[in-house]
J.: 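Take a look at the following structure, please.
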Amino acid sequence: MTVIQVTTATKAYQVQLSDHGLTKIGQAVSAVWTPRQVALITDTNVGPHYAPAVTANLQAAGYRVTVLTIPAGEASKSWAQVERLTAMLSAAQFTRSDGILALGGGVVGDLAGFVAAIYLRGISLIQVPTSLLAQVDSSVGGKTAIDLPTGKNLIGSFYQPDLVLIDPATLTTLPARSLAEGYGEILKCAAIVGGDFWQLAGQITDLSALLAHAAALITASVQFKTQVVMADEKESDQRQLLNLGHTIGHAVELLGQGQWMHGEAVAIGLVQVCRLFEAHQLTAKGTAAQLAMRLHAVGLPTELPAALSPAKLIAAMQHDKKVHGDQLTWVYLQQIGTATFHQVPVANLMTWVAPILTK
Ligand SMILES: NC(=O)c1ccc[n+]([C@@H]2O[C@H](COP(=O)([O-])OP(=O)(O)OC[C@H]3O[C@@H](n4cnc5c(N)ncnc54)[C@H](O)[C@@H]3O)[C@@H](O)[C@H]2O)c1
Ligand SMILES: O=C(O)C(=O)C[C@@H](O)[C@H](O)[C@H](O)COP(=O)(O)O
Ligand SMILES: [Zn+2]
């Protein structure tokens, strides 16, 4: 088992990476939770694979388990699901001594994490991520969120879990498209870090290599993310680096209305931000092409959708949480291994983005 320690102002916890760790989940949970009621929140795809065995394992360890299932997909990061889940917790008399265990991808983790943060003003939370994207990124660091029609993750909180339990064996049931999108966030981290991590990510020449190297890629990504989160939990400074590719990515994801998965939209955002900053002579020439080549290897998209309206793209980008006052802070790469910030007045965005909008 690989253990990565996370210590923030609000919580100290372990990220445990253990192949087939789900078979011993009761034991792992017992190390951080006394016996209690547990709401196992999962989705309609993940639940049938893993919820029965996880429930039995937790029950054997002394927990009273209620399984709450949400429809799979981004649309579940909604007020409607928050209302539904909190009502179910209350009806089942969950108290402040009880807990939520999120079993699923980033959608389950973000939604269940937000419910844990607000129900009774906060009950305990364990993240058990089952998608590659959730294992390398969303389960760690405490960002929880639901969406609004105007933008991604616009309602949420920073709420750290008591434990993150990653079992790479769950990736064997993940559909190929979902496996590939995880590489979007991995390559984001590797491009920021450079060096050995960039070399490791370069070994991913297809989806089977991605699965074969999953444990090493998860370890490298989580080690990097936890360092950033520990230095800047609430994203007042360096944590914004983790948003590389997301200014365009989140806008594309929102405007696509379900056409793109998060990691796919991030892949587009990564290449486009590099192209944009190459045009402004702030990014080394050829960086976008290097990223695109690697993303294409696992079938990820990198081009802005042809039908995308520039006006809508600019409007969506203005809901980026990196807008402060009248300035948008872009995260960009000077070169592989060197990421930094550049502020652009919101009023100038259309002109600033023009180089990637004119074909
Ligand atoms: N909180 C954060 O720091 C953070 C970071 C990155 C992304 N996110 C958020 O995460 C979400 C994307 O997460 P995601 O890509 O995991 O999407 P997802 O949760 O929708 O999972 C992708 C698909 O795979 C299915 N699935 C998951 N694990 C499975 C398994 N082991 N076997 C079979 N099917 C499985 C899901 O049901 C879903 O259909 C977005 O909402 C994004 O905004 C949050
Ligand atoms: O953990 C972070 O910090 C990140 O930015 C990770 C991102 O990959 C993730 O998509 C995050 O949810 C985006 O955050 P947001 O604050 O831009 O909604
Ligand atoms: Zn992301």
Side-chain angles (χ1 to χ4, degrees), residues 74 77 110 137-138 141 143 145-158 184-185 187-189 191-192 225 228-229 231-257 260 262-284 287-288 291 302-305 308-336 338-359:
E74 184 72 24
K77 282 175 59 173
D110 277 14
D137 189 351
S138 63
K143 274 191 181 177
I146 58 170
D147 303 329
L148 288 181
T150 43
K152 285 267 307 176
N153 303 336
L154 296 190
I155 306 292
S157 61
F158 291 96
E185 298 282 18
L187 200 67
K188 172 196 78 178
C189 296
I192 298 170
K225 182 163 184 179
V228 175
V229 168
D232 178 23
E233 180 183 8
K234 301 278 173 74
E235 200 176 21
S236 52
D237 182 29
Q238 292 298 299
R239 186 165 181 172
Q240 293 179 104
L241 292 177
L242 300 177
N243 239 244
L244 178 67
H246 284 62
T247 298
I248 295 170
H250 269 166
V252 167
E253 189 180 352
L254 180 80
L255 296 174
Q257 296 182 306
W260 306 109
H262 179 71
E264 294 171 341
V266 168
I268 294 172
L270 284 173
V271 169
Q272 295 303 322
V273 75
C274 290
R275 247 179 225 168
L276 179 59
F277 278 72
E278 283 183 35
H280 288 292
Q281 302 187 327
L282 290 166
T283 293
T287 308
L291 285 165
T302 57
E303 296 303 316
L304 286 175
L308 196 74
S309 142
K312 284 188 180 164
L313 182 73
I314 302 299
M317 280 173 18
Q318 291 178 38
H319 292 285
D320 191 317
K321 286 168 235 60
K322 299 186 299 308
V323 173
H324 297 282
D326 59 359
Q327 305 280 323
L328 169 63
T329 301
W330 286 87
V331 187
Y332 74 98
L333 292 171
Q334 289 175 336
Q335 58 191 10
I336 298 300
T338 315
T340 188
F341 304 114
H342 183 81
Q343 290 194 331
V344 173
V346 170
N348 296 354
L349 271 179
M350 185 60 95
T351 316
W352 179 261
V353 176
I356 55 168
L357 297 178
T358 48
K359 298 270 162 25

J.: Do you know the tightest heavy-atom contact between Thr150 and Leu154?
T.: OG1-CD1, 3.5 Å

J.: If you define the side chain from C-beta out and look only at heavy atoms, does anything of Ser138 sit under 4.5 Å from Asp110?
T.: yes

J.: Is the ring pair Tyr332/Phe277 parallel, tilted or perpendicular, if the boundaries are 30 and 60 degrees?
T.: parallel

J.: Any chance you could measure Cys189, atom SG, to Leu244, atom CG, to the nearest 0.5 Å?
T.: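 Output value for this atom pair is 9.0 Å.
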
J.: Can a donor-acceptor pair be found, under 3.5 Å and without considering hydrogens, that links the side chain of Asn348 to the backbone of Trp352?
T.: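 No.
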
J.: So, do Leu304 and Leu357 sit near enough that their side-chain heavy atoms are less than 4.5 Å apart?
T.: yes

J.: OG1/Thr340 to CD1/Ile192 distance, rounded to the nearest 0.5 angstrom?
T.: 11.0 Å

J.: Taking Arg275 first and then Glu278, would you say they form a salt bridge - that is, a charged N and a carboxylate O separated by under 4.0 Å?
T.: no

J.: Rounded to the nearest 0.5 Å, how far apart are NE2 of His246 and NZ of Lys321?
T.: 9.0 Å

J.: For Ala251 and Leu313, which heavy atoms make the closest approach, and how far apart are they?
T.: CB-CD1, 3.8 Å

J.: Using modelled atom types and a 3.5 Å cut-off, is there a donor and acceptor pairing between side-chain atoms of Arg239 and backbone atoms of Val229?
T.: no

J.: Can you check side chain to side chain contact (heavy atoms under 4.5 Å, CB included) on Lys322 and Met317, steps first, answer last?
T.: CA-CA 10 Å; Lys322 299 186 299 308; Met317 280 173 18; over 6 Å; no

J.: Could you give me the CA-CA distance, side-chain angles and deciding distance for Glu185 and His262, then say whether side-chain hydrogen bond (donor to acceptor under 3.5 Å, both in side chains) is met?
T.: CA-CA 9 Å; Glu185 298 282 18; His262 179 71; 2.8 Å; yes

J.: So does Asp147 get a backbone contact from the side chain of Lys77, meaning a donor-acceptor N/O pair under 3.5 Å?
T.: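 Side chain of Lys77 to backbone of Asp147, a donor-acceptor pair under 3.5 Å: no, none is there.
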
J.: Under the salt bridge (Lys or Arg N to Asp or Glu O under 4.0 Å) criterion, do Lys143 and Glu235 qualify, and how do the steps go?
T.: CA-CA 10 Å; Lys143 274 191 181 177; Glu235 200 176 21; 3.1 Å; yes

J.: Nearest heavy-atom pair of Val271 and Ala288: which atoms, and what distance?
T.: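 For Val271 and Ala288, the tightest heavy-atom pair comes out as O-CB, 3.7 Å.
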
J.: In Å, rounded to the nearest 0.5 Å, how long is the span from SG of Cys274 to CD1 of Ile336?
T.: 6.5 Å

J.: Look at the side chain of Thr283 and the backbone N and O of Leu333, then say whether any donor-acceptor pair between them is shorter than 3.5 Å.
T.: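 Looks like yes, one N/O pair under 3.5 Å.
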
J.: I need the minimum non-hydrogen distance between Phe158 and Lys234, along with the two atoms involved.
T.: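 Residues Phe158 and Lys234, closest heavy atoms: CD1-CD, 3.5 Å.
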
J.: State, with a plain yes or no, whether a side-chain heavy atom of Asp237 is found less than 4.5 Å away from one of Phe341.
T.: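 Contact flag for Asp237/Phe341 side chains = yes.
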
J.: Any non-hydrogen side-chain atom of Leu276 less than 4.5 Å from a side-chain atom of His280?
T.: yes

J.: Kindly determine whether His250 and His319 satisfy side chain to side chain contact (heavy atoms under 4.5 Å, CB included), including the steps that lead there.
T.: CA-CA 9 Å; His250 269 166; His319 292 285; over 6 Å; no

J.: Determine whether Leu328 and Thr247 satisfy the following criterion, side chain to side chain contact (heavy atoms under 4.5 Å, CB included), listing intermediate values before the conclusion.
T.: CA-CA 9 Å; Leu328 169 63; Thr247 298; 3.8 Å; yes

J.: What's the spacing between Lys225 NZ and Asp137 CG if we round to 0.5 Å?
T.: 4.0 Å

J.: Please check: side-chain N/O of Gln334 versus main-chain N/O of Ala284, any donor-acceptor pairing under 3.5 Å?
T.: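 No.
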
J.: What are the two closest non-hydrogen atoms of Gln238 and Val228, and how far apart are they?
T.: O-CG1, 3.9 Å

J.: Rounded to the nearest 0.5 Å, what separates atom CD in Glu74 from atom CG in Leu254?
T.: 9.5 Å

J.: Please test Gln240 against Trp330 for side chain to side chain contact (heavy atoms under 4.5 Å, CB included), starting from the C-alpha separation and ending with a verdict.
T.: CA-CA 9 Å; Gln240 293 179 104; Trp330 286 87; over 6 Å; no

